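Note that this is a predicted model, so its numbers are computed, not measured.
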Amino acid sequence: MHDESNPEGWGLDTLAIRTGHQRTAEQEHGEPIFPTSSFVYDSAAEAARKFGGEEPGNVYSRFTNPTVQTFERRLAAMEGGERCVATSSGMSAILSTALALLQAGDEIVASRSLFGSTVSLFDKYLGKFGITTRYVELSDLAAWEAAVTPATKLLFAETPSNPLSEVADIPALADLAHRHGAWLAIDNCFLTPALQKPIALGADLVIHSATKYLDGQGRAIGGAVVGPDKLLEELFGVVRTCGPCMSPFNAWIFTKGLETLGLRMQAHCANAQRLAEWLKAHPAVERVHYSGLESHPQHALAARQQRGFGAVLGVEVRGGREGAWSVIDATRMLSITGNLGDVKTTITHPGTTTHGRLSDDQKAAAGIREGLIRVAVGLEDIADIQADLARGLDALAAR
């Protein structure tokens, strides 16, 4: 089948390096940055045509900027989508999607295993405008089916989940959504198009926090939505009118990050696999949540629909919160931070950071236990990552 997003049939790494950039009259080799708020015209008539949409061209950098468009075209090609709309953050990408597709009385069915801020957005803010969200177990297709009603317009899932590495059956969820006249949106932040292409598996929309692996070095905040032009045109209208736009500088950062995405994700996965196997054997560790382990209940599904298992591990240690905090505090190299996706390994206690705003019941339903640590494995030497974690783990095992 002809892929309009990739007419040359290029591989992912070529798309990541060569697509999106339309050279200017200067014939530059590297992608330029256009740090300008507005654009000028040769005549009032030209301005009128471009403002009115009769002629393509730049109007105002809130919604038309060449640097941002380069990033959008490149990510759309890599995800195999018709179009991409960039936003100011991953959360604004989710909000813009909801504002574009939903109205009062509509319903969302979502996984319980969502980022804490996404749950707050759905419940606290969308809820007060009459949009209801029902939460189900990510891997329980019967629960998804039972939760759908005639008012359901959107199914939303992160896969793999944060931080327990649960995996959704994307083709099955897509079939379920489409049978009921709903859309399926997949947050692909943890795997990126280098490891998973939800659109090819049947999803309608792919959502990214570009802040994470698309950048890869913790430099900038941004988000993106990829999907069919028909849906993205309305989402573009939200960004144009409401203003959650990506800055040209951040778009340039993300564009350059995409160039090494494939190589970085391979290296992240290799380090994560080795660390997961090492942690599984440590006496202070009760359980490792990582779909690359054959003991993971959805290992076969992950191997079937992914080209790698990602780099985020959920590690349950002995001693509850006290034990978890002691392991985190004993590290000297790992970065204690809530962000992930960097070349630097990060470590955090989800129950008091990324998922800290959830109620106790919500944490329990999402599997966020007191002894749970999240390790987002970076690209340092694996022996050094192990040695840094061993300080706290060895001390915990000796108690």
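- If you run side-chain contact (heavy atoms from CB on, under 4.5 Å) between S335 and each of N339, T331, T337, only T337 comes through.
- Criterion: ILVMFWY side-chain heavy atoms under 4.5 Å apart, direct or through other members. Under it, L101 and V225 are part of a common hydrophobic cluster.
- In this structure, R83 and L235 have side chains that are not in contact, with every pair of non-hydrogen atoms separated by 4.5 Å or more.
- For E294 and K280, the salt-bridge test fails: no basic side-chain N is under 4.0 Å from an acidic carboxylate O.
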H299 vs V167, test: side-chain contact (heavy atoms from CB on, under 4.5 Å). Steps then yes/no. CA-CA 8 Å; H299 173 74; V167 180; over 6 Å; no
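- A salt bridge between E370 and R321 is present, with a side-chain N of the basic residue lying under 4.0 Å from a carboxylate O of the acidic one.
- A donor atom on one side chain and an acceptor atom on the other are found under 3.5 Å apart for T260 and R264.
- In this structure, the side chains of N58 and Q69 come closer than 4.5 Å at one or more pairs of heavy atoms.
- Ion pairing between a basic and an acidic side chain is recognised when a charged N comes within 4.0 Å of a carboxylate O; K230 and E82 show no such pairing.
- Every residue meeting the side-chain hydrogen bond (donor to acceptor under 3.5 Å, both in side chains) condition with S88, not counting sequence neighbours, appears here in chain and number order: S92.
- Using modelled atom types, one side-chain atom of Q305 and one backbone atom of A168 make a donor-acceptor pair closer than 3.5 Å.
- For the pair T353 (side chain) and G338 (backbone), a donor-acceptor distance under 3.5 Å is absent.
- Around atom CD of E55, more than 12 heavy atoms belonging to other residues, nucleotides or ligands sit under 6.0 Å away.
- Note on L232 and I207: same hydrophobic cluster, where clusters join Ile, Leu, Val, Met, Phe, Trp and Tyr whose side-chain heavy atoms are under 4.5 Å apart, directly or indirectly.
- Only one option out of P297, S161, S291 pairs with E166 in a side-chain contact (heavy atoms from CB on, under 4.5 Å); it is S161.
- Under the 4.5 Å side-chain heavy-atom criterion for Ile, Leu, Val, Met, Phe, Trp and Tyr, Y125 and I108 are members of the same hydrophobic cluster.
- Pairing each heavy atom of H208 with each of T192, the nearest pair is CE1-CA, 3.9 Å.
- Scanning for ring pair (Phe, Tyr, Trp, His ring centres under 6.0 Å) contacts around H268 gives Y213, with sequence neighbours left out.
- Under the 4.0 Å criterion applied to side-chain N and carboxylate O atoms, E137 and R112 are assigned as salt-bridge partners.
- Between T348 and P350, the shortest heavy-atom contact is O-CD, 3.3 Å.
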List the atom pairs, donor and acceptor, that lie under 3.5 Å between side-chain atoms in residues 244-254 and the rest of the protein, sequence neighbours left out.
{"from": "S247", "atom 1": "OG", "to": "N250", "atom 2": "N", "distance (Å)": "3.1"}
{"from": "N250", "atom 1": "ND2", "to": "I221", "atom 2": "O", "distance (Å)": "3.0"}
{"from": "W252", "atom 1": "NE1", "to": "E31", "atom 2": "O", "distance (Å)": "2.9"}

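- Side-chain polar atoms of H21 and E28 form a donor-acceptor pair below 3.5 angstrom.
- When each of N188, T159, L301 is checked for a side-chain contact (heavy atoms from CB on, under 4.5 Å) with I170, only T159 meets the rule.
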Apply side-chain contact (heavy atoms from CB on, under 4.5 Å) to residues I347 and L389 and explain how you reach the verdict. CA-CA 10 Å; I347 188 169; L389 286 168; 3.8 Å; yes
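- N162 and H355 make their closest contact through O-NE2, 3.3 Å (heavy atoms, listed as atom of the first residue, atom of the second, distance).
- Residues L214 and F190 share a single hydrophobic cluster, defined by chaining ILVMFWY side chains whose heavy atoms lie under 4.5 Å apart.
- The backbone N or O of L138 lies less than 3.5 Å from a partner atom in the side chain of W144, making a donor-acceptor pair.
- Following chains of ILVMFWY side-chain contacts shorter than 4.5 Å, one can reach Y135 starting from W183, so the two form part of one hydrophobic cluster.
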Before giving the answer on side-chain hydrogen bond (donor to acceptor under 3.5 Å, both in side chains), spell out for D204 and H178 the whole-Å C-alpha distance, their side-chain angles and the decisive distance to 0.1 Å. CA-CA 9 Å; D204 300 289; H178 299 154; 2.8 Å; yes
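- The environment of R332 atom CZ is sparse: at most 12 non-hydrogen atoms of other residues, nucleotides or ligands sit within 6.0 angstrom.
- At a threshold of 4.5 Å between non-hydrogen side-chain atoms, the residues I382 and W278 do not count as touching.
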